[in-house]
Amino acid sequence: MLVISIEDETSTLTRGHLRTAWALIDSFGWNGIKTRLQGADVKVAGIRSSECRPLNARAIARALGAWYARARRDLPWRRSRDPYRVWVSEIMLQQTQVERVKDFYQRFLALFPTVESLAAADEHDVLRAWEGLGYYRRARQMHAAAKVLATEHGGIFPRTVAALRGLPGIGRYTAGAIASIAMDLPEPIVEANSRRVLARLAGYAKRLDRPGGDEPIWKIAHSLVPQRDAGRFNQALMDLGAMVCTPDRPLCTACPLARMCDAKNSGRVSRIPMKSVRRATKQLREAAIIVRRGARVLVQKREEGEWWAGLWDFPRVQAAARKIHQAIGESKTLQPLACTQPKALGTFTHTVTHHRITLAVVACTAARTGKLSQNLAWVAVDKLGELAMTSPGRRIAKMIAQPSVR
DNA sequence: AAGACGGGGTG
DNA sequence: CACCCAGTCTT
């Protein structure tokens with residue numbers, strides 16, 4: 001016989017009713033339940049008993065908080081709880097490692113210190129501040145969200161995760177992060193670090209790399225997040241994942257939660273969380289064409305729906321090395337310019353997500369000046385630095401800026 | 001339920 | 001080269 005007290009209610013359950021108990025835990029959260037289940041075979045928060053171990057939220061928060069007080073990272077975005085600044089950092093940190101973000105964060109805030117200044121900015125300037133950080137959609141969505149915030153919310157961030165998630169670029173994680181860190185709301189987060197920490201802590205060994213696959217982890221996160229200082233707790237979880245509970249060779253001897261960690265106690269740390277299967281990379285062959293016309297070169301803005309949408313690049317043709325000349329002749333963009341004197345400048349590879357692009361660089365001279373569409377422009381070589389460019393585009397721009405190549 | 005989306009650091 | 005990263009959005 002088990003007795004579970006929930007708020008003011010008391011339910012009496014037998015083992016046959018555990019499913020109901022999990023549903024109740026699911027509804028109210030572990031924190032909302034005063035439990036006397038210690039001796040029973042009950043697990044935690046909406047997850048079947050066979051899938052994970054029970055967790056003591058209080059003990060975890062206590063041990064983690066003490067560790068965080070002495071071990072926390074000193075990060076630029078931790079010096080302010082201004083929702084705008086927290087937001088900028090969270091968007092930049094999506095799928096991007098902390099070390100890479102630091103400088104971008106500082107520079108971006110110097111350029112766009114408030115949501116109003118971002119809303120008023122030109123998209124190209126926002127992209128230029130983002131150049132090199134990747135996932136440029138983030139910058140454009142953030143810019144769009146800033147406009148919504150400025151015009152429809154008076155520049156004030158909404159104070160619920162549901163409303164935050166209505167803004168472009170803010171998903172479940174980012175909404176929880178802003179709510180907990182900037183507003184001290186008791187909202188859970190799950191991202192790369194906490195996902196790993198929580199999976200190991202609870203001994204959750206099932207696959208996470210499919211849609212909804214980490215739903216149990218969200219339930220665990222929800223069951224653990226404290227009513228007070230949720231932002232601190234969430235950041236502590238992330239720090240632990242980043243510094244101690246690492247993917248390879250975690251430092252369990254330095255972990256404040258090792259005693260309560262099911263993966264550690266069952267010798268499964270290296271197998272939890274389960275590794276995801278990787279997709280094969282696809283090989284592409286393209287050429288970037290440097291079309292010269294006096295001191296200027298032709299650049300092309302990447303269209304909506306293309307890679308690097310909104311950024312400038314040198315015109316491309318899709319062709320292997322031997323067919324580049326023919327491809328230039330057939331290119332709608334380049335054909336009218338009657339390019340002459342093609343000269344190969346070299347080849348390099350560029351990897352984007354699971355594509356590997358072998359990119360030949362060919363310079364030529366425009367014999368005619370075709371009528372340019374809006375996404376094309378002639379730009380002086382020494383002005384290329386003012387453009388927001390793709391990573392390969394920037395690399396080529398630097399190449400041709402050298403006197404030896406000019 | 002998958003795939004697309006960037007780039008750089010690490011072993 | 002393979003793997004990883006304070007995810008989000010669209011088919």
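Chain A is the first sequence line, chain B the second, and so forth, proteins listed ahead of strands; every chain is numbered from 1.
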Undergrad: In whole Å, what is the span from the CG atom of D239(A) to the P atom of dA6(C)?
TA: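 Rounding to the nearest Å, CG of D239(A) and P of dA6(C) are 10 Å apart.
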Undergrad: Between M389(A) (CE) and dG6(B) (C1'), how many Å, whole number?
TA: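 Going from CE in M389(A) over to C1' in dG6(B) covers 16 Å.
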Undergrad: Round to the nearest Å and state the distance from K282(A) atom NZ to dC5(B) atom P.
TA: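 About 10 Å, once rounded to whole Å.
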Undergrad: Counting any heavy atom closer than 4.0 Å, what does L75(A) reach on the DNA or RNA strands: base, sugar-phosphate only, or nothing?
TA: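 Contact class for L75(A): base.
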Undergrad: Given atom CG of L240(A) and atom P of dA6(C), what is their separation to the nearest angstrom?
TA: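 Rounded to the whole Å, the gap is 13 Å.
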Undergrad: Is the W130(A)-F108(A) ring centre distance short of 6.0 angstrom?
TA: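 Under 6.0 Å, so yes.
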Undergrad: Would you please confirm or rule out a distance under 4.0 Å between OP1 or OP2 of dG7(B) and any side-chain N or O of Y136(A)?
TA: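 Yes, because at least one side-chain N or O of Y136(A) sits under 4.0 Å from OP1 or OP2 of dG7(B).
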Undergrad: Can you tell me how far apart CD1 (I181(A)) and OG (S89(A)) are? Round to the nearest 0.5 Å.
TA: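 It comes to 6.5 Å.
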Undergrad: Rounded to whole angstrom units, what separation is found between the CG atom of L167(A) and the C1' atom of dC9(C)?
TA: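 Rounded to whole Å, this separation is 15 Å.
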Undergrad: Indicate, with a heavy-atom threshold strictly under 4.0 Å, whether E99(A) touches base, sugar-phosphate, or nothing.
TA: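 No contact.
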Undergrad: Between W77(A) and dA6(C), is there a side-chain N or O to OP1/OP2 distance below 4.0 Å?
TA: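 So the side chain of W77(A) is outside the cut-off, no N or O lying under 4.0 Å from OP1 or OP2 of dA6(C).
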Undergrad: Measuring only the P atom in each nucleotide, how far is dC5(B) from dA6(C)? A whole number of Å is fine.
TA: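 Here dC5(B) and dA6(C) have their P atoms 22 Å from each other.
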Undergrad: Tell me, yes or no, whether the heavy-atom count around R285(A) atom CZ, taken from other residues, nucleotides or ligands under 6.0 Å, exceeds 12.
TA: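 Counting other residues, nucleotides and ligands, CZ of R285(A) stays at 12 neighbours or fewer.
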Undergrad: As a test of reading the structure: which of dC5(B), dC9(C), dG3(B) is closest to the side chain of R279(A), going by heavy atoms?
TA: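 Nearest listed nucleotide: dG3(B).
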Undergrad: Taking N and O atoms by type only, does the side chain of T96(A) place a donor or acceptor under 3.5 Å from a partner on the base of dG6(B)?
TA: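 Checked by distance alone, the answer is yes.
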Undergrad: Please list all pairs meeting ring-ring contact (aromatic ring centres under 6.0 Å, His included) that have one or both residues in residues 327-361 of chain A, counting only residues at least two apart or in different chains.
TA: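 Pairs touching residues 327-361 of chain A that pass the test: W307(A)-H355(A), W308(A)-H350(A).
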Undergrad: Side-chain contact, heavy-atom cut-off 4.5 Å: R73(A) with V98(A)?
TA: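 Yes - at least one pair of side-chain heavy atoms lies under 4.5 Å apart.
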Undergrad: If you restrict it to nitrogen or oxygen atoms, what contacts under 3.5 Å exist between nucleotides 8-11 of chain B and the protein, and what is each distance?
TA:
unit_1, atom_1, unit_2, atom_2, d
dG8(B), N2, Q97(A), OE1, 3.4

Undergrad: Just call it for R196(A): base, sugar-phosphate, or nothing, with non-hydrogen atoms closer than 4.0 Å on any strand.
TA: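 Sugar-phosphate, backbone atoms only, no base.
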Undergrad: I'd like to know if D74(A) pairs up with R79(A) as an ion pair, taking the criterion as any Lys NZ or Arg NE/NH1/NH2 lying under 4.0 Å from an Asp or Glu carboxylate oxygen.
TA: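 Looking at R79(A) together with D74(A), the answer is yes, because their closest N to O distance falls below 4.0 Å.
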Undergrad: Tell me whether the guanidinium CZ or amine NZ of R85(A) lies under 6.0 angstrom from the six-membered ring centre of W77(A) and within 45° of its axis.
TA: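 Relative to the ring axis of W77(A), which defines the angle, R85(A) lies outside at least one limit.
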Undergrad: Check the distance between dC5(B)'s P and W308(A)'s CH2 and give it to me in whole angstrom.
TA: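 Those two atoms, CH2 and P, are 9 Å apart.
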Undergrad: Provide, to the nearest angstrom, the distance between the NE2 atom belonging to H355(A) and the P atom belonging to dG3(B).
TA: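 To the nearest whole Å, that distance equals 11 Å.
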Undergrad: Of R138(A) and G212(A), whose nearest nucleotide on DNA chain B comes first from the 5' end?
TA: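 Its nucleotide being nearer the 5' end, the pick is G212(A).
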Undergrad: Kindly point out which of dG7(C), dA4(B), dC5(B) is positioned nearest to the side chain of E191(A)?
TA: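 Between dG7(C), dA4(B), dC5(B), the one nearest the side chain of E191(A) would be dG7(C).
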Undergrad: Is R172(A) paired with E187(A) through a side-chain N to carboxylate O contact shorter than 4.0 Å?
TA: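 Judged by the 4.0 Å cut-off on N to carboxylate O distance, E187(A) and R172(A) do not form a salt bridge.
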Undergrad: Just to confirm, is there a sub-4.0 Å distance from OP1 or OP2 of dC1(C) to any side-chain nitrogen or oxygen of R356(A)?
TA: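 For dC1(C), OP1 or OP2 has a side-chain N or O of R356(A) closer than 4.0 Å.
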Undergrad: Please tell me which of the listed nucleotides, dC5(C), dC3(C), dT8(C), lies nearest to the side chain of R137(A)?
TA: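 Nucleotide nearest to R137(A)'s side chain: dT8(C).
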Undergrad: Would the distance check show the side chain of R138(A) and the main-chain N or O of G134(A) forming a donor-acceptor pair, the cut-off being under 3.5 Å?
TA: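 Between the backbone of G134(A) and the side chain of R138(A) there is a qualifying donor-acceptor contact (under 3.5 Å).
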Undergrad: Heavy atoms under 4.0 Å, any strand shown: does V98(A) hit a base, just sugar-phosphate, or nothing?
TA: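 Counting heavy atoms under 4.0 Å across all strands, the contact made by V98(A) is with sugar-phosphate only.
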Undergrad: Tell me which residues in residues 83-93 of chain A lie within less than 4.0 Å of DNA chain C, going by non-hydrogen atoms.
TA: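 E90(A), L93(A) - these, ordered by number, are the residues of the stretch whose heavy atoms sit under 4.0 Å from the strand.
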Undergrad: Determine the contact category for A177(A): base if any of its heavy atoms lies under 4.0 Å from a base atom, sugar-phosphate if only primed atoms, P, OP1 or OP2 are that close, otherwise nothing.
TA: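 It contacts nothing in the nucleic acid.
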Undergrad: Does R107(A) make a cation-pi contact with F104(A) (under 6.0 Å, within 45 degrees of the axis)?
TA: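 Because its charged atom sits under 6.0 Å from the ring centre and within 45° of the axis, R107(A) does stack over F104(A).
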Undergrad: Of the nucleotides dA4(B), dG7(C), dC5(B), which one has an atom closest to the side chain of Q95(A)?
TA: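 Among dA4(B), dG7(C), dC5(B), the one nearest the side chain of Q95(A) is dG7(C).
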Undergrad: What distance, rounded to whole Å, do you find between the two P atoms, one in dT10(C) and one in dG6(B)?
TA: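 One P to the other, the span is 14 Å.
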Undergrad: Starting from P on dG6(B), measure out to CH2 on W130(A) and report it in whole angstrom.
TA: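 That distance rounds to 12 Å.
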Undergrad: Any base atoms under 4.0 Å from I170(A), or only sugar-phosphate, or nothing? Heavy atoms, all strands.
TA: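 Since only primed, P, OP1 and OP2 atoms lie under 4.0 Å of I170(A), the category is sugar-phosphate.
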Undergrad: Taking only N and O in the side chain of K275(A), is any of them less than 4.0 Å away from OP1 or OP2 of dA2(C)?
TA: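 No, outside the criterion.
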Undergrad: With distance as the sole test, does D313(A) use its side chain to make a donor-acceptor pair with the main-chain N or O of V299(A) at under 3.5 Å?
TA: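 It does not hold such a pair.
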